[in-house]
Amino acid sequence: MPELPDVEEYRRFFARHAAGRSVRRVVVPDATIVRNATPRALDRALRGRTFEEPDRHGKWLVAWTDGPALLLHFGMTGDLVWSAIEPERHRHDRVILELDGGDELRYRNMRKLGGAWLAHDPDEAVAAMGSLGPDALAVKRREFHERLSRRRGQAKAVLMDQRFMAGLGNLLVDELLWQTRIHPRRRVETLDDTERDRLYETMRWILRRWVAGYGRVPRRGEWLIAVRDAGGPCPRCGGPLARITAAGRTTWLCPTCQPDPAP
DNA sequence: TCGCTTGTTGATGG
DNA sequence: GCCATCAACAAGCG
């Protein structure tokens, strides 16, 4: 369930269970999930190391040890599982961290989009994550506006681009555009100052609410994302929602609240 | 069988 | 170089 709030929840989950604990062994049933090392190299690098408090940047989880780091990206179907909660291993558990005391933290990923990377130092970690923009939850107003001013094109595509802001995904961008009443195909260069600032404020508000209140993308309440799958009406105006494709992704919007820039 | 899916990357074309 | 589109990755569901 990987949007920024989901990965932040994974980060806390990882910290709660694995921080301060040492690695007894790393088991990788499917070698292809580790993208830049062999299972043997990953095991050798992490075995005997102790996990520290993990970091998150956008949708990336960076789990540092007192030596190298394990980087996890959750794709569309990634998850973390703790053995005390779920004792049996699952066929989609791709990386299994056996920790001191016998507990296991497992990286599960059905579709194998995303994966695991090994980084020996911060430079390698940055290289593995690619060119990411600032974390969407940490970015300052001034930098947001500065970066937005350098972009052209459809709002949906710009906001989804991890090089612009790291952490905004398909669901969250639909929510953000609906909250700010901006059509997904609206070109960002046509946004006025009020709209730009509303984008920043609303992005922060949604992220904080979803991180603090849900720890994930919400499924209930007066959110666009909570009603769209049920085919429900717009929570704001009561009109029917519309489904289009924008930036190559399924996109939900309210045609009344978010007028089409080019009817 | 086909279409669809909360993500990302690389090729292609304008 | 920037932007738009699409295929590919992979696996499950209806």
Side-chain angles (χ1 to χ4, degrees), chain A residues 1-10 28-36 56-61 71-80 90-95 107-117 126-133 135-136 147-178 183-191 203 206-207 209-211 214-221 223-231 241 243-253 261-262:
Chain A
M1 312 278 185
E3 291 266 1
L4 188 154
D6 305 283
V7 182
E8 175 60 19
E9 192 66 12
Y10 295 147
V28 182
D30 179 350
T32 65
I33 202 67
V34 186
R35 308 297 188 181
N36 69 343
R56 179 192 55 75
H57 190 96
K59 301 171 194 170
W60 287 82
L61 181 63
L71 278 62
L72 296 176
H73 193 288
F74 294 86
M76 292 212 269
T77 56
D79 200 1
L80 283 181
H90 186 277
R91 55 191 291 251
H92 296 141
D93 291 341
R94 312 290 188 182
V95 177
Y107 168 71
R108 182 173 297 178
N109 193 333
M110 179 184 78
R111 284 178 64 188
K112 294 167 66 176
L113 306 175
W117 283 256
V126 168
M129 292 187 285
S131 42
L132 295 178
D135 183 78
R147 296 179 73 86
L148 185 57
S149 71
R150 285 196 265 109
R151 295 296 298 255
R152 303 288 183 272
Q154 298 182 359
K156 172 96 180 192
V158 170
L159 293 166
M160 290 267 297
D161 188 345
Q162 300 300 294
R163 293 170 302 182
F164 171 65
M165 285 294 126
L168 305 182
N170 195 33
L171 305 183
L172 206 145
V173 168
D174 281 1
E175 187 73 41
L176 174 57
L177 292 172
W178 175 74
H183 193 282
R185 291 202 213 280
R186 180 81 180 279
R187 303 192 69 84
V188 295
E189 62 267 33
T190 70
L191 296 171
M203 176 185 79
I206 293 172
L207 286 170
R209 284 289 308 278
W210 287 12
V211 167
Y214 302 89
R216 56 169 298 174
V217 176
R219 288 305 188 200
R220 303 173 65 104
W223 303 98
L224 177 72
I225 187 56
V227 303
R228 64 159 227 192
D229 288 331
L241 299 175
R243 196 185 108 141
I244 66 174
T245 296
R249 304 298 300 277
T250 295
T251 299
W252 288 87
L253 71 150

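Here is how names work: the chains are called A, B, and so on, in the same order as the sequence lines, proteins then strands, and each is numbered from 1. Note that this is a predicted model, so its numbers are computed, not measured.
The side chain of Thr77(A) places no N or O atom within less than 4.0 Å of a non-bridging phosphate oxygen (OP1 or OP2) of dA11(C). The side chain of Arg108(A) places no N or O atom within less than 4.0 Å of a non-bridging phosphate oxygen (OP1 or OP2) of dA11(C). Here Gln162(A) reaches the OP1 or OP2 of dT8(B): one of its side-chain N or O atoms lies under 4.0 Å away. Taking 4.0 angstrom as the limit, Arg185(A) places none of its side-chain polar atoms (N or O) nearer than this to OP1 or OP2 of dC3(C). OP1 or OP2 of dT5(B) has not a single side-chain nitrogen or oxygen of Arg111(A) nearer than 4.0 Å. Phosphate contact (OP1/OP2 of dA10(C), side-chain N/O of His92(A), threshold under 4.0 Å): absent.
Among the atoms of the strands shown, none is found under 4.0 Å from any heavy atom of Arg163(A). Within 4.0 Å of Arg150(A), counting heavy atoms only, lies no atom of the nucleic acid at all. Note on Gly153(A): only backbone sugar-phosphate atoms sit closer than 4.0 angstrom, heavy atoms only; bases stay farther off. Residue-level contact check: Gly114(A) touches neither bases nor backbone, having no heavy atom under 4.0 Å from any strand.
Counting heavy atoms from C-beta on, the side chains of Val95(A) and Ile33(A) come closer than 4.5 Å. Inter-residue side-chain proximity for Arg147(A) and Met165(A) is flagged as met; some heavy-atom pair is nearer than 4.5 Å. Ile225(A) is not listed as a side-chain neighbour of Trp252(A), based on a closest heavy-atom distance of 4.5 Å or more.
Distance NZ (Lys59(A)) to P (dG7(B)): 4 Å, rounded to an integer number of Å. Protein atom CZ of Arg228(A) is 8 Å distant from nucleotide atom P of dT5(B), rounded to whole Å. Note: CE (Met110(A)) to C1' (dG12(C)) measures 5 Å, nearest angstrom. At whole-Å resolution of the value, CG in Leu176(A) and P in dT6(B) are 17 Å apart. Computed from coordinates, the Lys112(A) NZ to dA8(C) P distance equals 18 Å when rounded to whole Å. A straight line from CG of Leu113(A) to P of dG10(B) spans 15 Å, rounded to a whole angstrom. Between the CH2 atom of Trp60(A) and the P atom of dT6(B) there is a distance of 20 Å, rounded to whole Å. Regarding Arg152(A), its CZ atom lies at a distance of 17 Å from the P atom of dG1(C), rounded to whole Å.
Within the shown strands, nothing qualifies as a pairing partner of dT6(B) under the Watson-Crick or G-U definition with both distances less than 3.5 Å.
Within a 6.0 Å sphere centred on CZ of Arg35(A), heavy atoms belonging to other residues, nucleotides or ligands number more than 12.
Using atom C1' as the reference point in both dA4(C) and dT6(B), the two lie 22 Å apart (nearest Å). Separation of the P atoms belonging to dT8(B) and dG1(C) is 23 Å when rounded to the nearest angstrom.
Here the closest heavy-atom approach between residue Glu3(A) and residue Asn170(A) is recorded as OE2-N, 3.3 Å.
None of Asp174(A), Asp161(A), Thr245(A) except one satisfies the side chain to side chain donor-acceptor pair (under 3.5 Å) rule with Lys156(A); the exception is Asp174(A).
For His73(A), taking side-chain heavy atoms from C-beta onward, the closest of the listed nucleotides dA4(C), dT8(B), dT6(B) is dT8(B).
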